[in-house]
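Here is the structure we will look at.
Predicted model only: the values in this text are computed from it and were never measured.
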Amino acid sequence: MQLLTATLTSAPREVNTKYGLRTVADLRLPDGSEDALWRPGGDTHFLSYRKGSAVQITKDHKGKLSLVESSAEQPPTPGTAPASQPSPAQLLEGTSKADIAQYVTDMAALYSYCYGEAVKHLAQHEPPEHAIRGAASSLFIAAQKRFDLA
């Protein structure tokens, strides 16, 4: 069994599964791989964590992940960020203006491409402009998630 510190790449959320209500969050392991951490439904402690929070987990010999809970551990106070969540300034630390500009340019180009594809594929249906924008935004978000561009 391994004790690891992982980073949440999504905020915990509740989902209905064939096994009932469950709480799940996506996380990045120290080796850079991504996995999901599943908890019982209604786990208010787990739901109090935010994207970017560091969590202690164990990984057994089968690869099953479990949250390490300490009796001394207090959940974050609602409305405040956990201490382990980096501030926007910390996230940008070491990032040059040129890197930020390039990222913004790349994301604009990706959205433009998604918009063009939405227009091309939806044109035969003569959709209103807001429907094209919605489709383009959905394609943009899906591409970001699929290729880890966010």
Side-chain angles (χ1 to χ4, degrees), residues 4-60 62-67 69 75-150:
L4 306 168
T5 300
T7 303
L8 295 181
T9 57
S10 70
R13 61 200 179 278
E14 290 188 318
V15 295
N16 282 314
T17 70
K18 66 181 181 179
Y19 303 107
L21 185 66
R22 301 287 306 241
T23 305
V24 63
D26 300 318
L27 48 86
R28 180 168 288 120
L29 300 173
D31 65 3
S33 64
E34 295 199 9
D35 209 333
L37 179 61
W38 291 90
R39 302 279 298 160
D43 185 340
T44 56
H45 175 75
F46 190 48
L47 285 168
S48 67
Y49 286 97
R50 300 286 175 251
K51 179 179 179 180
S53 296
V55 293
Q56 292 287 315
I57 60 169
T58 59
K59 185 174 185 178
D60 69 13
K62 293 181 180 178
K64 183 178 186 297
L65 304 177
S66 300
L67 181 66
E69 297 182 72
T77 305
T80 63
S84 61
Q85 185 173 5
S87 71
Q90 290 170 324
L91 290 173
L92 292 176
E93 191 173 291
T95 305
S96 71
K97 288 182 180 179
D99 290 340
I100 295 169
Q102 184 61 51
Y103 176 79
V104 170
T105 300
D106 292 346
M107 291 298 103
L110 176 59
Y111 187 86
S112 177
Y113 178 77
C114 293
Y115 185 87
E117 289 299 300
V119 168
K120 182 168 66 174
H121 290 280
L122 296 174
Q124 65 185 352
H125 304 289
E126 298 179 7
E129 177 62 26
H130 71 275
I132 295 171
R133 282 194 314 266
S137 295
S138 294
L139 291 169
F140 177 76
I141 292 167
Q144 282 186 314
K145 287 182 179 179
R146 170 69 171 86
F147 297 102
D148 198 25
L149 301 175

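- Contact between G52 and T7 at its shortest, heavy atoms only, is O-CG2, 3.7 Å.
- The side-chain contact (heavy atoms from CB on, under 4.5 Å) test with P12 singles out one residue from V24, T44, L47, L37, and that residue is L47.
- A distance of 8.0 Å separates CG in L139 from CD in E117, rounded to the nearest 0.5 Å.
- One finds no salt bridge joining K51 and D26 here, because no Lys/Arg side-chain nitrogen approaches an Asp/Glu carboxylate oxygen to under 4.0 Å.
- Put simply, CD1 on I132 and CD on E126 are 10.5 Å apart, with the number rounded to the nearest 0.5 Å.
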For residues 109-116, which side-chain donor-acceptor pairs fall under 3.5 Å, sequence neighbours excluded?
residue, atom, partner, partner atom, Å
Y111, OH, S137, OG, 3.3
Y115, OH, E129, OE1, 3.1
Y115, OH, E129, OE2, 2.6

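- Contact record, R50 with S53: O-OG, 2.8 Å, taken as the closest heavy-atom pair.
- Once rounded to the nearest 0.5 Å, the distance linking CD1 of I57 with CG of L65 reads 4.5 Å.
- Note that CG of D31 is 6.0 Å distant from NZ of K59, once rounded to the nearest 0.5 Å.
- Under the side chain to side chain donor-acceptor pair (under 3.5 Å) criterion, T5 pairs with Q56, not counting sequence neighbours.
- Between the R22 side chain and the R39 main chain, a donor and an acceptor come within less than 3.5 Å of each other.
- With rounding to the nearest 0.5 Å, the separation of CE in M107 from CD in Q102 is 10.0 Å.
- For T17, there are no side chain to side chain donor-acceptor pair (under 3.5 Å) partners, not counting sequence neighbours.
- Residues L29 and E34 fail the side-chain proximity criterion, which asks for heavy atoms closer than 4.5 Å.
- Taken to the nearest 0.5 Å, the OG1 atom of T23 stands 4.5 Å off from the CD atom of E14.
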